Amino acid sequence: MMSATSTPMITTDTICAIATPPGAGGVGVIRVSGPLSTDIAKQMLGVSLQPRRAHFARFKDRQGQTIDSGIALLFAAPASFTGEDVLELQGHGGPQILQMLMANILALGARQARPGEFSERAYLNNKLDLVQAEAIADLIESGTEASARAAQRSLAGVFSEAVNKLQQELIDLRVFVEAAMDFPDEEIDFLANSDVLKNLASVNDRLKTLLAQAHQGQLLRDGINIAIVGAPNAGKSSLLNALAGRDSAIVTDTPGTTRDVLREHISLDGLPVHVADTAGIRESADQVEAEGVRRARATLATADLVLLVVDSKQEREPQLALKNEAPKNIPCIEIYNKIDLTSNKSKVDEALLTISVSAKTGQGLDKLINLIKSTVGACVSYEGVFSARARHLDALKRTQHHIRAGYQQLEKYNAPETLAEELRFAQKCLGEITGEYLPDDLLGAIFSSFCVGK
């Protein structure tokens with residue numbers, strides 16, 4: 001394990017990258033960070049920049065030829081995103097122009113930044129913690145308004161503040177427990193004269209709440225994978241179109257129209273959903289259709305939720321037999337479709353995970369969306385939710401394990417030594433979230449998933 005230092009990192013190399021997306025655009029931004037930033041600015045612009053003031057300038061190569069013109073900004077250390085001297089050049093967004101500027105900056109002593117290296121330097125220079133650094137990537141990659149707002153809350157420190165508060169409570173408990181252990185001659189009944197058990201229970205309750213909030217944040221960040229399955233012509237593609245709000249899939253009265261897996265990324269009340277519309281599952285001598293059925297079965301294995309579409313006009317039992325195709329540990333909602341062609345009304349049974357709808361008219365779709373969200377544990381409102389990742393949930397669960405273990409050791413065996421050790425482990429688990437304690441290989445893995453230039 002490594003511990004994040006409170007001393008800013010001192011770097012000798014200067015990094016640069018194109019910070020705008022690939023392709024042509026009206027504006028292109030190049031970011032430079034490191035000790036050579038000021039010197040590079042002076043050589044390319046021919047003037048000394050005043051920090052935090054926008055300058056219009058011509059960007060020139062080493063021969064004095066103008067490459068482009070635009071806005072130059074200098075942020076002097078430590079008042080910058082990375083904590084180092086940072087130069088930003090905002091010129092025209094043509095790929096060739098940006099590459100020419102990059103080549104000139106590299107020739108002046110900088111090197112190409114690795115993915116996420118600017119954010120990594122910001123973290124190492126104590127400009128933000130690891131949760132906030134990850135929130136930057138989450139904000140960039142957010143697919144819904146709710147997930148973007150959740151990432152912004154993490155970037156603002158909402159998640160970190162909750163973790164730090166819990167960690168301080170664990171530290172206070174450790175101080176009390178270890179102090180009591182240092183005075184064995186006092187013959188004080190450790191349990192009878194302290195509120196340790198009560199405080200432990202209180203910390204565990206708050207940790208349970210934080211874990212539930214982090215779960216919501218992970219759902220918003222990662223979304224859920226849904227597989228729509230059913231017999232041919234049950235209305236699977238019509239359901240996909242209804243959920244997506246557009247004609248993504250071809251719909252005909254001919255059974256077997258869908259031959260491959262059609263994937264759509266949609267938002268259900270702010271929840272990112274990755275939907276896979278599969279071929280109707282049946283035995284077929286048609287080679288193409290058989291391959292589609294094979295792919296449908298493979299898609300089921302990676303789903304978080306299965307929507308089994310049943311044609312209400314047809315015999316149900318053979319269609320419900322398809323439920324056996326789904327893995328037993330994956331929830332499956334039975335959707336009785338085409339109620340517009342029957343006398344049935346939309347009904348929902350959350351306990352049995354069944355609902356009747358009309359994908360054609362939209363009847364019952366609002367109830368289906370609510371049922372999907374409740375089945376996967378998504379909350380009704382995302383107000384106040386912050387973004388979180390799988391590693392955060394893992395660390396919180398391990399923290400919870402150590403707190404419960406310490407509680408049991410003290411309650412059953414009056415073992416303050418074991419409690420103190422469990423509290424130390426719990427504190428380290430929380431420290432992994434914000435980056436105070438990190439496995440040696442985790443930092444590189446986290447920032448390598450970032451885009452270049454951020």
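Model, not experiment: these values are computed from the prediction.
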Check this for me: [X], atom [atom1], are more than 12 non-hydrogen atoms of other residues, nucleotides or ligands nearer than 6.0 Å?
X      : atom1 : value
Arg174 : CZ    : yes
Glu145 : CD    : no
Gln112 : CD    : yes

Do [X] and [Y] have side-chain heavy atoms sitting under 4.5 Å apart?
X      : Y      : result
Leu410 : Thr418 : no
Phe159 : His392 : yes
Asn225 : Val273 : no
Met44  : Arg62  : no
Leu240 : Glu264 : yes
Val196 : Leu419 : yes
Asp39  : Leu108 : no
Met102 : Ile18  : yes

May I ask you to decide whether [X] forms a salt bridge with [Y], counting only side-chain N to carboxylate O separations under 4.0 Å?
X      : Y      : answer
Arg398 : Glu432 : yes
Arg206 : Glu169 : yes
Arg391 : Glu134 : yes

For [Y], is there any backbone N or O sitting under 3.5 Å from a side-chain donor or acceptor partner on [X]?
X      : Y      : result
Ser449 : Ile446 : yes
Gln132 : Asp129 : yes
Ser154 : Ser387 : yes
Ser69  : Arg58  : no
His274 : Pro272 : no
Asn125 : Arg121 : yes
Thr375 : Leu371 : yes
Ser202 : Lys198 : no
Lys127 : Pro78  : yes

Subject >> Cationic tip of Arg31 above Phe81 ring, under 6.0 Å, 45° of axis >> reply: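 Yes.
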To the nearest 0.5 angstrom, please state how far the [atom1] atom of [X] sits from the [atom2] atom of [Y].
X      : Y      : atom1 : atom2 : result
His401 : Leu207 : NE2   : CG    : 13.0 Å
Leu45  : Phe56  : CG    : CZ    : 11.0 Å
Arg153 : Phe386 : CZ    : CZ    : 10.0 Å
Leu49  : Leu87  : CG    : CG    : 6.5 Å
Ile40  : Leu74  : CD1   : CG    : 11.0 Å
Arg111 : Thr14  : CZ    : OG1   : 9.0 Å

Original post:
When you look at Gln167 and Glu436, which way does the side chain to side chain donor-acceptor pair (under 3.5 Å) test go after all the steps?
Top reply: CA-CA 11 Å; Gln167 194 172 33; Glu436 183 179 350; 3.2 Å; yes
List the atom of [X], the atom of [Y], and the distance in Å for their closest heavy-atom pair.
X      : Y      : value
His215 : Val376 : NE2-O, 3.8 Å
Gln90  : Val29  : CG-CG2, 4.0 Å
Cys16  : Leu106 : SG-CD2, 3.6 Å
Ser147 : Leu220 : CB-O, 3.3 Å
Asp277 : Ser237 : OD2-OG, 2.7 Å
Val452 : Ala17  : CG1-CB, 3.7 Å

Original post:
Can Asp68 and His92 be said to form a side chain to side chain donor-acceptor pair (under 3.5 Å), step by step?
Top reply: CA-CA 7 Å; Asp68 195 11; His92 297 91; 2.7 Å; yes
**OP:** Would you please classify the geometry between the Tyr123 ring and the Phe447 ring as parallel, tilted or perpendicular, with 30° and 60° separating the classes?
**Re:**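 Taking Tyr123 first and then Phe447, their aromatic rings sit tilted (interplane angle of 30° to 60°).
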Original post:
Can you list the steps and then say if Asn164 with Gln168 is a side chain to side chain donor-acceptor pair (under 3.5 Å)?
Top reply: CA-CA 6 Å; Asn164 290 333; Gln168 186 58 52; over 6 Å; no
Subject >> Passing option when Leu155 is tested against Val131, Asp138, Ile136 for side-chain contact (heavy atoms from CB on, under 4.5 Å) >> reply: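 When Val131, Asp138, Ile136 are each tested with Leu155, the side-chain contact (heavy atoms from CB on, under 4.5 Å) holds only for Ile136.
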**OP:** Please test Arg114 against Glu120 for side chain to side chain contact (heavy atoms under 4.5 Å, CB included), starting from the C-alpha separation and ending with a verdict.
**Re:** CA-CA 10 Å; Arg114 302 188 307 271; Glu120 182 180 5; 3.1 Å; yes
**OP:** Assess whether side chain to side chain contact (heavy atoms under 4.5 Å, CB included) is satisfied between Phe75 and Asp85, documenting all intermediate values.
**Re:** CA-CA 6 Å; Phe75 301 90; Asp85 287 343; over 6 Å; no
Original post:
Could you go step by step and tell me if Asp366 and Lys373 meet the salt bridge (charged side-chain N to carboxylate O under 4.0 Å, His left out) rule?
Top reply: CA-CA 11 Å; Asp366 54 343; Lys373 291 178 67 176; over 6 Å; no
Subject >> Distance-only side-chain donor-acceptor flag, Gln218 / Arg389, under 3.5 Å >> reply: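 On atom types as modelled, these side chains do not qualify, holding no pair under 3.5 Å.
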**OP:** Assess whether side chain to side chain contact (heavy atoms under 4.5 Å, CB included) is satisfied between Asp61 and Met100, documenting all intermediate values.
**Re:** CA-CA 9 Å; Asp61 62 21; Met100 291 169 66; over 6 Å; no
**OP:** Please step through side chain to side chain contact (heavy atoms under 4.5 Å, CB included) for the pair Leu239 and Leu365, ending with a clear verdict.
**Re:** CA-CA 9 Å; Leu239 180 63; Leu365 284 184; 3.9 Å; yes
Original post:
Does the pair Thr434 and Ser160 meet the rule for a side chain to side chain donor-acceptor pair (under 3.5 Å), with working shown?
Top reply: CA-CA 6 Å; Thr434 56; Ser160 302; over 6 Å; no
